Amino acid sequence: MRFARLSAVLVFALCAALPAAAAPAQHNVLIFVADGLRYVSVTPKTAPTMWKLKTQGVDFTNSHSLYPTITTVNASAIATGHYIGDTGNFGNTLYTGYPVAGTNGAPITFQEDDVLLGDLAAHYNGNYLNETSLIAAARQAGYATAVMGKVGPTAIQDITQRDGTGTIVIDDALNTPKGIAVSPGIEDAIKVAGIAPTAPKTNVPNNEQQQYMIAIATKVVLPKLASSGKPFAMLYWSRDPDASQHSQKDSLGKLSPGINGPTGQAGIKDADDTLAALLAALKAQGLDKTTDVFITADHGFSTIDRHSQTSAAAKITYGRVPPGETPPGVVAIDLAEALAMPMYDPFNKNAVVDYKSGNLPSFGNAILGADPANPDVVVVSNVGSDHIYLPGANAKDLAPRIVDALSKEDYISGIFANDALGNIPGALSLSAVNLKGSALTPEPSIVVSFASHVIPGCKPTLMCAAEMADTTLETGQGMHGTFSRADTRNFMAASGPDFRAHFADPAPVSNADINPTLAHILGLDIPAKGSLKGRVASEALKGGKKVTVTKGWQASTPAANGQKTVLEYQRVGGTRYFDAAGFPGRTVGLSPH
């Protein structure tokens with residue numbers, strides 16, 4: 001039986017009424033997302049623009065990414081203001097339950113792809129998120145709207161707009177067969193500005209593509225918004241530092257310097273330079289005094305460490321995978337061993353995967369069971385966490401066996417099981433971390449977070465985490481997705497006419513709070529279908545007062561081997577913020593329990 005233990009800690013003063021909403025006609029909003037930017041990464045030297053903005057405006061010193069700490073997960077939260085149990089955006093890769101044409105008929109889809117996103121949205125009547133985004137609500141209220149940047153999270157901000165007639169949607173798949181349409185007027189403006197019709201490919205560091213996108217933003221999009229005569233809402237999603245931290249090769253096979261090397265630093269500079277260019281363009285258009293700027297990161301980051309002493313997969317030779325390290329598809333392989341089930345590759349027309357002979361499932365995703373057309377188990381890789389779906393009638397029998405097997409692996413730290421499966425020793429429920437709500441997409445049966453640890457001799461802690469990952473990337477490169485505080489601790493700051501000046505906000509905030517806070521500023525009333533919602537960060541607004549914060553923790557009943565999943569969280573009113581979770585001793589930032 002699960003139990004919860006709250007240690008109520010009064011952290012701040014009593015809450016007060018929200019400050020009055022500003023007149024929409026007088027204010028614009030710009031959301032800037034620096035993908036993968038850690039809070040501690042921002043210093044006067046590494047990111048002077050962001051440092052200046054947070055010190056002159058609001059510094060969210062207790063910020064949070066939503067779990068799983070993955071890009072499109074948090075893109076859906078930034079867009080809608082809802083936790084993931086409502087948006088159904090459980091990972092970058094999702095089990096659909098139906099064959100997806102763009103993935104060779106596999107019942108799995110990937111969301112950093114405009115075509116696949118469009119297919120998923122169409123399957124759910126145009127909006128798989130089942131909630132209205134801030135950008136969509138602003139557009140419907142008569143605001144000029146635009147979203148720009150990285151493929152996937154950009155389109156999620158107004159998922160119903162794909163024909164170029166409403167919100168301006170420009171990502172780095174522009175004018176390619178996989179891109180989203182833009183209006184002829186925008187195409188002409190790009191041409192007149194002397195900008196190439198298609199974006200450079202992503203590189204490490206991502207300077208060239210960043211420069212291309214900012215040229216369109218400052219020479220085409222912002223002037224277009226300014227000339228509309230309307231207030232506007234815009235989001236810009238910077239691919240760096242995420243791209244550079246993932247793919248850097250400063251210390252392949254080693255944990256130091258990992259993502260803290262020169263390539264990662266260059267990625268941070270890319271993001272900071274991009275924000276500086278946007279702010280300069282706002283000032284040039286005379287919009288700096290009437291525009292609220294909200295900066296966030298979708299998640300934190302860690303260095304990959306793919307070693308395991310317990311994994312059966314780590315004991316098999318796989319081509320370029322170093323001895324003792326786990327291969328892509330490690331969870332699928334270890335479960336195939338534990339359950340004595342054959343494995344199939346859903347991306348290869350359900351071909352048998354002979355993993356014992358060194359073959360691997362595509363992208364770490366696999367089907368297990370006697371009949372791949374009617375799978376017992378579907379394993380979906382989401383890098384720092386993996387999702388397990390049990391679509392068969394034997395789900396309640398399989399789930400305890402899977403939790404027991406995974407609790408014995410040294411690379412696992414934290415297991416969450418669907419409430420419908422009942423209490424499973426060693427696992428907390430999906431609802432404990434807001435992963436069960438009103439979602440339209442299939443809910444995972446089990447979500448597992450991977451273990452993390454602090455790199456010896458490295459400081460500060462949240463710049464020095466290493467984590468297991470189910471990925472093709474190597475030890476020493478970068479990853480995120482776990483429930484460590486290094487991954488949940490993102491960078492967040494805000495500045496503008498509606499925000500307090502020189503204010504360090506100690507209250508917890510998350511990516512789910514951005515939509516309600518900015519909707520409040522813009523005077524938008526956005527209807528909700530689900531109840532897992534963020535809050536207005538009222539304490540950060542002009543006239544706002546401090547809020548009451550409590551801290552608590554929750555633990556599962558122990559598995560047979562004594563492992564238990566522990567969750568640490570904070571609360572403001574009815575909104576919970578998840579700090580860290582996992583098996584004690586295996587998650588960075590999780591206190592001993």
Side-chain angles (χ1 to χ4, degrees), residues 68 72-73 84-111 116 119-120 122-124 128 130 329-353 355 361-382 385-406 415-424 427-431 433 435-448 470:
T72 63
V73 170
I84 311 311
D86 282 351
T87 70
N89 209 130
F90 296 104
N92 283 352
T93 307
L94 297 179
Y95 172 70
T96 60
Y98 64 87
V100 179
T103 57
N104 204 26
I108 296 172
T109 193
F110 180 64
Q111 297 188 86
L116 294 178
D119 287 346
L120 184 65
H123 188 78
Y124 293 102
Y128 75 99
N130 202 32
V330 54
V331 170
I333 294 168
D334 286 346
L335 283 181
E337 282 286 287
L339 301 173
M341 289 183 175
M343 178 187 294
Y344 307 90
D345 188 339
F347 291 94
N348 188 24
K349 299 186 181 299
N350 289 337
V352 173
V353 179
Y355 62 86
S362 300
F363 314 110
N365 305 297
I367 288 173
L368 308 181
D371 179 7
N374 297 285
D376 291 316
V377 182
V378 180
V379 180
V380 177
S381 170
N382 272 288
S385 291
D386 272 10
H387 297 25
I388 300 165
Y389 296 81
L390 306 175
N394 58 349
K396 284 192 174 182
D397 294 327
L398 279 174
R401 295 173 59 194
I402 290 172
V403 172
D404 179 69
L406 293 177
I415 304 176
F416 305 91
N418 199 299
D419 302 55
L421 296 171
N423 174 50
I424 302 177
L428 283 173
S429 65
L430 292 187
S431 60
V433 289
L435 289 177
K436 190 170 182 66
S438 59
L440 298 178
T441 59
E443 296 174 341
S445 301
I446 298 169
V447 176
V448 294
D470 193 352

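We number each residue from 1, following the sequence as shown. Computed from a predicted model, the values in this text were never measured in an experiment.
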* **CA sep, side-chain torsions, deciding dist, call: V352, Y344, side-chain contact (heavy atoms from CB on, under 4.5 Å)** => CA-CA 4 Å; V352 173; Y344 307 90; 3.7 Å; yes
* Would you call M343 and P361 a side-chain contact if the rule is heavy atoms closer than 4.5 Å? -> yes
* Structure fact -> What one should report as the nearest heavy-atom pair of I424 and A417 is CD1-CB, 3.9 Å
* Rounded to the nearest 0.5 Å, what separation is found between the CG atom of N418 and the NZ atom of K396? -> 10.0 Å
Residues 364-376 side chain polar contacts: donor-acceptor under 3.5 Å, at least two apart:
residue : atom : partner : partner atom : Å
N365    : OD1  : S381    : N            : 2.7
N365    : ND2  : F363    : O            : 3.4
D371    : OD1  : A373    : N            : 3.0
D371    : OD2  : N374    : ND2          : 2.7
D376    : OD1  : N394    : ND2          : 3.2

* Mind running side-chain contact (heavy atoms from CB on, under 4.5 Å) on N130 and Y124 for me, showing each step along the way? => CA-CA 8 Å; N130 202 32; Y124 293 102; over 6 Å; no
* Donor-acceptor side-chain pairing of N92 and T72 below 3.5 angstrom -> yes
* Test log, rule side-chain contact (heavy atoms from CB on, under 4.5 Å), inputs F110 and T103 -> CA-CA 8 Å; F110 180 64; T103 57; 5.6 Å; no
* **Main-chain N/O of G91 paired with Q111 side-chain donor or acceptor, under 3.5 Å** => yes
* Within-4.5 Å side-chain heavy-atom neighbours: I108 and V100 -> no
* Asked: Are D86 and S438 close enough, and set up right, to give a side chain to side chain donor-acceptor pair (under 3.5 Å), and what steps lead you there?
  -> CA-CA 5 Å; D86 282 351; S438 59; 3.0 Å; yes
* Distance in Å, K436 NZ paired with D419 CG, rounded so as to fall on 0.5 Å steps -> 5.5 Å
* Can you measure from CG (D397) to CD1 (I402) and round to the nearest 0.5 angstrom? => 11.0 Å
* Between Y98 and H123, does the ring centroid distance fall short of 6.0 Å? -> yes
* Please report the closest heavy-atom contact between G88 and A439, naming both atoms and the distance. => CA-CB, 3.5 Å
* Asked: Does D345 reach the main-chain N or O of V353 with its side chain, forming a donor-acceptor pair under 3.5 Å?
  -> no
* Tell me, do F90 and I84 make a side-chain contact under 4.5 Å, heavy atoms counted? -> yes
* Output yes when a side-chain donor or acceptor of T93 lies under 3.5 Å from a complementary backbone atom of V380, and no otherwise. => no
* What closest approach, in Å, do V403 and I415 show between heavy atoms, and which atom pair accounts for it? -> O-CD1, 3.8 Å
* Say you draw a straight line from CG of L428 to CZ of F416; how long is it, rounded to the nearest 0.5 Å? -> 6.0 Å
* Asked: Taking only residues two or more places apart in sequence or in another chain, which ones pass salt bridge (Lys or Arg N to Asp or Glu O under 4.0 Å) with D404?
  -> K408
* Could you check if a side-chain atom of D386 sits within less than 4.5 angstrom of a side-chain atom of V379, using non-hydrogen atoms only? => yes
* **Distance, nearest 0.5 Å, that separates CD1 of I388 from OG of S445** => 8.5 Å
* Asked: Between CG of L398 and CE of M341, what distance do you get to the nearest 0.5 Å?
  -> 4.5 Å
* With sequence neighbours excluded, residues passing side chain to side chain contact (heavy atoms under 4.5 Å, CB included) with A395 -> L390, L421
* Test side-chain contact (heavy atoms from CB on, under 4.5 Å) on V73 and N382 and set out the steps. => CA-CA 11 Å; V73 170; N382 272 288; over 6 Å; no
